[in-house]
S.K.: 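Here it is, the structure in full.
We name chains A, B, ... by the order of the sequence lines, and we start the count at 1 in each one.
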Protein chains: 2
Amino acid sequence: MAHHNIDVQSAFEAVCALFHNLKPREKEKIRANFTCSYIRRGEIIFRDGEVPSGLVCLYKGKVKIFKEGVGGRDQIVRMARPVGFFGYRAMFADENHIATAEALEDSIICTIERDCLLEILKTNANLTFHILKSLATELGFSNNRTITLTQKHIRGRLAESLLFLRDTYGLEDDGQTIKVYLSREDLANLSNMTTSNAIRTLSGLCNESVIDLDGRRIKILDAYRLDRISNLG
Amino acid sequence: MAHHNIDVQSAFEAVCALFHNLKPREKEKIRANFTCSYIRRGEIIFRDGEVPSGLVCLYKGKVKIFKEGVGGRDQIVRMARPVGFFGYRAMFADENHIATAEALEDSIICTIERDCLLEILKTNANLTFHILKSLATELGFSNNRTITLTQKHIRGRLAESLLFLRDTYGLEDDGQTIKVYLSREDLANLSNMTTSNAIRTLSGLCNESVIDLDGRRIKILDAYRLDRISNLG
DNA sequence: ATAAAAATATGCTGTTAAGCATCTACGGTT
DNA sequence: AACCGTAGATGCTTAACAGCATATTTTTAT
């Protein structure tokens, strides 16, 4: 989108800061294969089935990564926050994407061209090891998530999602409001339930004064109880 | 178990074959930090919460890796087959184990001491990249599995598990019998259902001549239909 | 060989959450 | 401001599956 001025150099520096132990020559190489683009809320960044073009980084905004399940019911598998990578799994596994990425708000994303990055990785063991570690951590999350989504009851799943969103995006200055505004449908798709049940369960938690609702603004009033609901409910 | 003669050298060569691009010096180093042990059916190899001692490799036998869920209901997150690694996620993520590994039959496992391996990885980018790729692939599996376990119906989940077991352990010489003999409970824990429902659903598939049951022996009579049930049921 | 324990089979009941349908509130467009 | 479309709220009904009880078979230990 040419009408938006993106400070590519700032974005580049921010993205590079995510890499550790980058040699000057490697940094130059990345600079030459680095692109930025402005993405509108609701726009798709990549789709399930597509070939990964490179390493994608979220510089500004929020992005959900989801898989379409049986009967058009989506499951959100990841929420990206700035500054951080996403959509790298498929690239490293040498596979097509197995999920779709969509901007939740107007965002700026950067891409490092695939071959450029792979070349660097093949000679920089430290960097490769660093990424390996991230993948191992994420695999742990994913395994935990499988247990959560299959075994916890609706209230527990929703409570966990709210805590997850708080931990991922933080709180507003009031120290209570979760810094992300999701539709009830997205909240449902994150927590493996129908939209109706997300609405119902949110109302329930609100009636019990565990949370407070104001449209899509969600305030956590009683984090301790929410945590208990997540762990035992 | 000293009364069992394990051919450590053969095991060592088999394990090394899993690594690609191993330099002679690195191989020597691994040999010096390589141990083997005999594990009885039902024995625990590592437990949820423990510190990973090193890279574990299954040389002979079968191993399940599971997480204890809410209310003592386990979820099997991985099935290891020889010759292959398991329990490496926690080590690479620098975390304690988040699951328990138990031998499904008498097995031989080998361990490469942790620091030894990490040292090699930090200088061998090719090898590190290879492992990175494996982790990325496994993360894809895990994400797919989350969708399956949460969205498919019982029949679909069980059918998928049977196909998964066939693909993991292969078939007996008759070309039909799955080469692993799990309890109904393990089958249930693999498919996210109660033992009762695993038994019921297996009986159902047997009545429909999709599979044949003889104790723990499971024959796939109609792989095409089983596949359809997995994908649509 | 026999007792005890574990695994398997099967039926019945209850709960959870999905599937709908209906109604209301809100947001963006003309 | 009036319109439309989407999102949110809420109630009712039903399907899927868990939970439990009991019976039977198989395995393990002594």
Side-chain angles (χ1 to χ4, degrees), chain A residues 40-42 64 69-75 102 104-106 147-161 180-208 211-218 229 232-233, chain B residues 40-43 64 69-75 102 104-106 147-161 180-207 211-218 229 232-233:
Chain A
R40 294 278 191 83
R41 171 192 151 98
K64 67 171 172 179
V70 195
R73 193 160 133 209
D74 298 341
Q75 176 66 50
E102 181 185 326
L104 287 167
E105 27 182 273
D106 295 357
I147 309 293
T148 290
L149 291 179
T150 54
Q151 299 202 352
K152 281 189 186 175
H153 284 179
I154 269 202
R155 275 167 64 89
R157 299 205 299 271
L158 187 68
E160 184 176 289
S161 289
V180 62
Y181 304 93
L182 295 181
S183 68
R184 302 294 193 257
E185 191 181 359
D186 278 339
L187 228 35
N189 289 343
L190 186 62
S191 318
N192 182 37
M193 62 186 66
T194 56
T195 306
S196 305
N197 275 328
I199 291 167
R200 250 189 286 270
T201 311
L202 277 176
S203 300
L205 293 175
C206 188
N207 284 336
E208 298 165 41
I211 61 171
D212 182 60
L213 294 172
D214 173 18
R216 295 190 178 184
R217 292 173 71 90
I218 300 175
I229 292 168
L232 308 169
Chain B
R40 294 278 191 84
R41 171 192 150 98
E43 268 187 77
K64 66 171 172 181
V70 196
R73 193 161 134 208
D74 300 340
Q75 176 66 49
E102 180 186 327
L104 288 167
E105 30 182 270
D106 295 357
I147 310 292
T148 290
L149 290 180
T150 54
Q151 300 201 353
K152 280 188 188 177
H153 284 179
I154 271 203
R155 275 167 64 89
R157 298 205 298 273
L158 187 67
E160 186 177 285
S161 288
V180 61
Y181 303 92
L182 294 181
S183 68
R184 302 293 193 257
E185 190 181 359
D186 280 338
L187 229 35
N189 290 343
L190 186 63
S191 318
N192 182 37
M193 62 186 66
T194 55
T195 307
S196 306
N197 275 327
I199 291 166
R200 251 188 285 271
T201 312
L202 277 175
S203 299
L205 293 175
C206 188
N207 285 336
I211 60 171
D212 182 60
L213 294 172
D214 173 18
R216 294 190 178 185
R217 292 173 71 91
I218 300 174
I229 292 168
L232 308 168

S.K.: My understanding is that only residues two or more places apart in sequence, or in another chain, count here; which of them pass salt bridge (charged side-chain N to carboxylate O under 4.0 Å, His left out) with B:Asp74?
M.R.: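 Expected list: none.
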S.K.: What pairs with A:Glu208 under side chain to side chain contact (heavy atoms under 4.5 Å, CB included), at least two apart in sequence or on another chain?
M.R.: A:Arg155, A:Val210, A:Arg225
S.K.: Could you tell me from which nucleotide to which nucleotide of DNA chain D, 5' to 3', there is an atom under 4.0 Å from chain A heavy atoms?
M.R.: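 Nucleotide range with atoms under 4.0 Å of chain A: D:dA7 to D:dC12.
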S.K.: For DNA chain C, find the residues of residues 197-206 of chain A with a heavy-atom distance under 4.0 Å and give them by number; none if there aren't any.
M.R.: A:Asn197, A:Arg200
S.K.: NA contact type, B:Arg216, heavy-atom cut-off 4.0 Å: base, sugar-phosphate, or nothing?
M.R.: sugar-phosphate
S.K.: Side chain to side chain contact (heavy atoms under 4.5 Å, CB included) with B:Gln151: which residues, sequence neighbours excluded?
M.R.: A:Val70, A:Arg73, A:Gln75, B:Ile147
S.K.: Which residues pass the side-chain hydrogen bond (donor to acceptor under 3.5 Å, both in side chains) test with B:Lys152, sequence neighbours left out?
M.R.: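 For B:Lys152, the residues satisfying side-chain hydrogen bond (donor to acceptor under 3.5 Å, both in side chains) (neighbours in sequence not counted) are B:Glu160, B:Ser230.
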S.K.: Note down the inter-axis angle between the two ends of the helix from C:dA1-D:dT30 to C:dT30-D:dA1, five pairs each, to the nearest 10°.
M.R.: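 Answer rounded to 10°: the end axes differ by 50°.
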S.K.: For B:Thr194, check side-chain hydrogen bond (donor to acceptor under 3.5 Å, both in side chains) against everything at least two apart and list the hits.
M.R.: B:Asn197
S.K.: Just call it for B:Arg73: base, sugar-phosphate, or nothing, with non-hydrogen atoms closer than 4.0 Å on any strand.
M.R.: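 Result for B:Arg73 = sugar-phosphate.
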S.K.: Apply side-chain hydrogen bond (donor to acceptor under 3.5 Å, both in side chains) to B:Asp106 and list each qualifying residue two or more places apart in sequence or on a separate chain.
M.R.: B:Tyr38
S.K.: Just jot down the side-chain hydrogen bond (donor to acceptor under 3.5 Å, both in side chains) partners of A:Glu185, sequence neighbours excluded, or say none.
M.R.: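 None.
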S.K.: Could you tell me which residues satisfy side chain to side chain contact (heavy atoms under 4.5 Å, CB included) with A:Leu213, sequence neighbours excluded, listed by chain and number?
M.R.: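 Expected list: A:Arg184, A:Leu202, A:Cys206, A:Ile211, A:Ile218.
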S.K.: First contact, last contact: which nucleotides of DNA chain C are these for chain B, 5' to 3', heavy-atom distance under 4.0 Å?
M.R.: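 Listing 5' to 3', DNA chain C meets chain B from C:dA7 to C:dC12.
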